[in-house]
Amino acid sequence: MKRHVASLLAQALAAMREAGELPADIELPEVQVERARDRAHGDYAANTAMVLAKPAGQKPRELAEAMRARLPASEAISGVEVAGPGFINFTLAAAARHEAVRAALREGPAFGRSDVGAGHPIHIEYVSANPTGPLHVGHGRGAAFGDALASLLEAAGYAVHREYYVNDAGRQVDILAVSLWLRYLEAAGVAVPFPEKGYRGDYIVTHARELLDADGHAYVHGADTVTAGLPAEEADPEAYLDALAARARALLGEAAYRRVLDFALGAILGDIREELAAFGIGFDRYFSERELADSGRIEAAVQRLTEAGYTYEAEGALWFRAAELGDDKDRVLRRDNGLTTYFAADVAYHLEKLERGFHTLVNVWGADHHGYVPRVRAALQALGVEAERLDVRLVQFAVLYRGGEKLPMSTRAGEFVTLRELRDEVGKDAARFFYVMRRSEQHMDFDLDLAKSESADNPVYYCQYAHARICSVFRQLAERGLACQAAPDEAALERLDTEHEAVLLDLIGRYPEVIEAAAASREPHQVAQYLRELAAAFHTYYNAVPFIIDDQALREARLTLIRATQQVLANGLGLLGVDAPQSM
RNA sequence: GCGCCCGUAGCUCAAGUGGAUAGAGCAUCGGCCUUCUAAGCCGAAGGUUGCAGGUUCGAACCCUGCCGGGCGCGCCA
């Protein structure tokens with residue numbers, strides 16, 4: 001519809017130029033049509049006349065009037081007015097307004113979906129939490145946001161691939177293996193002091209026992225053998241930990257060490273996947289950093305940067321000239337000990353994604369990684385990749401509140417709240433809705449009490465209740481031995497003449513545009529915001545107007561309207577990963 | 001110190017990405033009410049969009065400088 005209005009305007013402009021009402025030498029602007037913010041301004045508004053006023057050397061309002069005179073007639077438009085500083089406002093004909101309701105019921109779950117993405121392959125990476133411990137509430141927001149965004153892009157017609165990048169290589173994984181091994185020794189009765197910087201969580205103890213159950217005492221060594229000759233921990237806890245890891249590898253041998261490491265990774269990744277599944281999130285692929293390294297792609301990526309002339313050696317390391325491409329400083333690709341950096345792996349990963357055929361890459365990262373964006377951008381740029389192909393969405397952490405008190409959150413002290421705990425407390429639906437209710441870059445306060453409350457104050461509850469309430473109306477209808485007999489296309493929607501109904505009709509008609517706009521700007525919160533508006537409009541309607549009335553034609557018109565509302569609520573909530581319950 | 005993000009009603013946040021009179025929900029105040037679903041419904045009040053300049057027909061949005069908050073500034077991942 002928006003496009004239809006825009007094309008009418010474009011035709012008007014062309015006609016004006018043809019008639020000599022516009023200078024032939026000026027460039028015609030791209031016609032912008034938007035939804036009128038105020039219903040008193042009709043349904044759609046165009047600012048074309050104001051944009052054109054200056055180059056055309058005419059007054060905006062006069063220009064608008066001239067355009068109005070040249071507009072082709074359209075069945076969908078019942079009125080055109082010039083208002084304010086020079087807006088051209090369009091009012092939809094009733095039939096066009098009703099079409100949205102009929103389309104919602106005809107298309108069902110597909111209503112709101114479009115093909116603007118044209119099947120364009122798009123890769124979206126999110127969560128990607130290190131496999132060294134359970135997901136916490138910081139990951140939760142990235143998970144909810146990333147998944148909603150992926151669904152949104154799908155709804156807009158993109159071929160979406162969801163991926164989780166697993167950092168299963170490098171030092172932290174060795175520390176994980178050592179941590180688990182030490183807990184395993186404890187479980188087997190060998191007491192080795194647990195290092196300060198090891199992973200101290202209970203989950204390590206649990207999985208260590210599982211390893212003992214599975215493999216028996218195969219990896220047991222005496223406490224003295226484990227610690228003999230290691231540097232003092234007090235002097236340098238990190239160096240001690242590395243020495244301990246080296247010792248584990250030496251004592252166990254490569255195969256057994258690898259077994260312990262893989263067991264630890266598998267167990268923790270299993271926990272993570274389980275939690276994500278309970279959170280309603282699944283990935284098309286878990287991409288292993290280790291496989292990336294084994295495939296030689298990291299070396300290849302470094303090589304390509306070198307061939308492109310963007311590397312140099314200094315202080316024993318290989319550097320990438322990031323500063324030439326907008327970063328603050330140059331970055332190390334290969335350390336003086338010969339190992340490649342995390343950054344090098346990430347360059348390789350991004351290249352690999354592009355080679356898989358994804359034209360657009362979306363990365364959902366925690367906002368604490370923002371300093372990392374310029375160097376990745378720089379690397380892609382150095383390899384000739386257009387900057388627009390990578391979109392990094394930064395997600396701020398949420399601060400939890402309970403009873404008006406801020407919950408302490410410190411990863412170092414190990415007192416982080418896990419996603420599991422959050423879900424146990426407020427439920428999947430509330431958690432997911434709250435997480436995506438705000439713009440991702442916005443710092444956000446997460447009120448646990450509100451999320452839990454079963455009241456209209458709770459936005460999730462409010463939206464879900466609207467859906468359940470409509471279901472309930474139809475149950476009531478059946479109990480009275482009635483059914484909505486009119487097919488959507490036959491319902492007498494012209495009988496809907498209250499302001500409440502006008503608002504609902506308007507909102508339903510806007511849904512496809514909301515999806516398209518939210519996908520284009522990659523902002524799922526627009527959908528959440530819209531759903532609150534829709535639910536509010538429905539509840540107000542419900543309170544003001546009875547549905548189950550004697551006048552059959554009017555009754556069925558109203559039932560058709562709320563059935564369409566129900567469909568849109570279900571579709572929108574579905575995009576956000578929130579259930580639309582039949583009853584509450 | 002440098003860089004990025006943020007600053008909107010008492011509180012939590014929107015504002016279709018430069019449009020018309022900056023909107024919701026809590027909380028506050030004033031009425032009503034006990035209904036297809038019940039935890040209510042209707043209305044009012046609440047603002048120099050951190051401050052000061054600038055850009056233009058038009059700025060919460062773009063530019064500059066301050067103020068305040070968050071994060072980042074490893075040959076860690």
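In the text below, chain A, chain B and the rest are named by the order of the sequence lines, each starting its count at 1. Keep in mind that what you see is a predicted model, and the values were worked out from it rather than measured.
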Among [options], the one nearest [X] by side-chain distance:
X	options	value
Gln396(A)	U37(B), C5(B), A15(B)	C5(B)
Val51(A)	A14(B), G19(B), A77(B)	G19(B)
Val332(A)	U37(B), A15(B), C75(B)	C75(B)
Met50(A)	A15(B), C57(B), U37(B)	C57(B)
Asp368(A)	U37(B), C71(B), C36(B)	C71(B)
Arg439(A)	U37(B), A77(B), C6(B)	C6(B)
Tyr372(A)	G69(B), A14(B), A77(B)	A77(B)

### Task
Check each residue of residues 334-342 of chain A for a non-hydrogen atom within less than 4.0 Å of any atom in RNA chain B, then write out the ones that pass by number, or none.
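Within residues 334-342 of chain A, the residues near RNA chain B are Arg335(A), Asp336(A), Tyr342(A).
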### Query
If every non-hydrogen atom of Leu507(A) is compared with every non-hydrogen atom of Ala537(A), which pair is closest and at what distance?
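Smallest heavy-atom distance, with atoms named: CD1-CB, 3.5 Å.
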#### Entry: Considering all heavy atoms, the nearest Asp506(A)-Asp43(A) contact
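So the two residues come closest at OD1-OD1, 3.8 Å.
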### Query
Going by an N to O cut-off under 4.0 Å, is there a salt bridge joining Arg39(A) and Glu499(A)?
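So Arg39(A) pairs with Glu499(A) through a salt bridge.
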### Side-chain ion pair, Arg68(A) and Glu65(A), N-O less than 4.0 Å
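Yes, this pair counts.
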### Message
For a quick test of reading the model: is some side-chain N or O of Gln442(A) closer than 4.0 Å to OP1 or OP2 of A14(B)?
### Response
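Indeed, a polar side-chain atom of Gln442(A) lies that close.
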### Side-chain N or O of His539(A) closer than 4.0 Å to phosphate OP1/OP2 of C41(B)
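No, His539(A) has no side-chain N/O under 4.0 Å of OP1/OP2 on C41(B).
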### Query
Do we count His41(A) as stacking onto A20(B) if the rule is ring centres under 5.5 Å and planes under 30°?
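A stacking contact exists, since His41(A) sits close and nearly parallel to the base ring of A20(B).
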Could you give the distance separating [M] and [N] at their [atom1] atoms, to the nearest angstrom?
N	M	atom1	result
A14(B)	A9(B)	C1'	13 Å
A59(B)	U49(B)	P	12 Å
C73(B)	A15(B)	P	30 Å
C4(B)	A60(B)	P	24 Å

### Query
Taking side chain as C-beta onward, heavy atoms only, is Leu394(A) less than 4.5 Å from Glu441(A)?
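Contact flag for Leu394(A)/Glu441(A) side chains = no.
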### Query
Can you check whether Tyr462(A) reaches His539(A) side chain to side chain, under 4.5 Å on heavy atoms?
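With C-beta onward as the side chain, the pair touches.
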Decide yes or no, distance alone: a donor-acceptor N/O pair under 3.5 angstrom between the base of [N] and the side-chain of [X].
X	N	result
His370(A)	G3(B)	yes
Asp457(A)	G25(B)	no
Tyr542(A)	U37(B)	no

### Message
Could you walk me through whether Glu556(A) and Arg495(A) satisfy the salt bridge (Lys or Arg N to Asp or Glu O under 4.0 Å) test, starting with their C-alpha distance in whole Å, then the side-chain angles of each, then the deciding distance to 0.1 Å, before giving a yes or no?
### Response
CA-CA 10 Å; Glu556(A) 298 196 342; Arg495(A) 295 286 305 278; over 6 Å; no
### Query
Should the pair Tyr542(A) and Phe547(A) be assigned to parallel (<30°), tilted (30 to 60°) or perpendicular (>60°) ring geometry?
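Because their plane-to-plane angle is over 60°, the rings of Tyr542(A) and Phe547(A) count as perpendicular.
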### Task
Tell me, with the steps shown, if Tyr164(A) and Tyr126(A) meet ring-ring contact (aromatic ring centres under 6.0 Å, His included).
CA-CA 6 Å; Tyr164(A) 181 127; Tyr126(A) 54 106; 8.5 Å; no
### Task
Indicate, with a heavy-atom threshold strictly under 4.0 Å, whether Ala45(A) touches base, sugar-phosphate, or nothing.
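Base contact.
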### Query
Considering the options Asn47(A), Leu9(A), Leu63(A), which one meets the side-chain contact (heavy atoms from CB on, under 4.5 Å) requirement together with Ile88(A)?
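Answer to the side-chain contact (heavy atoms from CB on, under 4.5 Å) test with Ile88(A) among Asn47(A), Leu9(A), Leu63(A): Leu9(A).
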### Query
Just the dot-bracket of RNA chain B, please: which string comes out with Watson-Crick or G-U pairs under 3.5 Å, [ ] for crossing, | for another strand?
(((((((..((((.....[...)))).(((((.......))))).....(((((..]....))))))))))))....
### Query
Could you give the CG-to-P distance, from Asn458(A) to A39(B), as a whole number of Å?
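These atoms are roughly 16 Å apart.
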### Query
Using the glycosidic torsion, which applies to U17(B): syn (within 90° of 0) or anti (everything else)?
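Base orientation relative to the sugar is syn.
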### Query
How do Gln526(A) and Val545(A) order along RNA chain B: which one's closest nucleotide is nearer the 5' end?
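Taking each residue's closest nucleotide, the earlier one in sequence belongs to Gln526(A).
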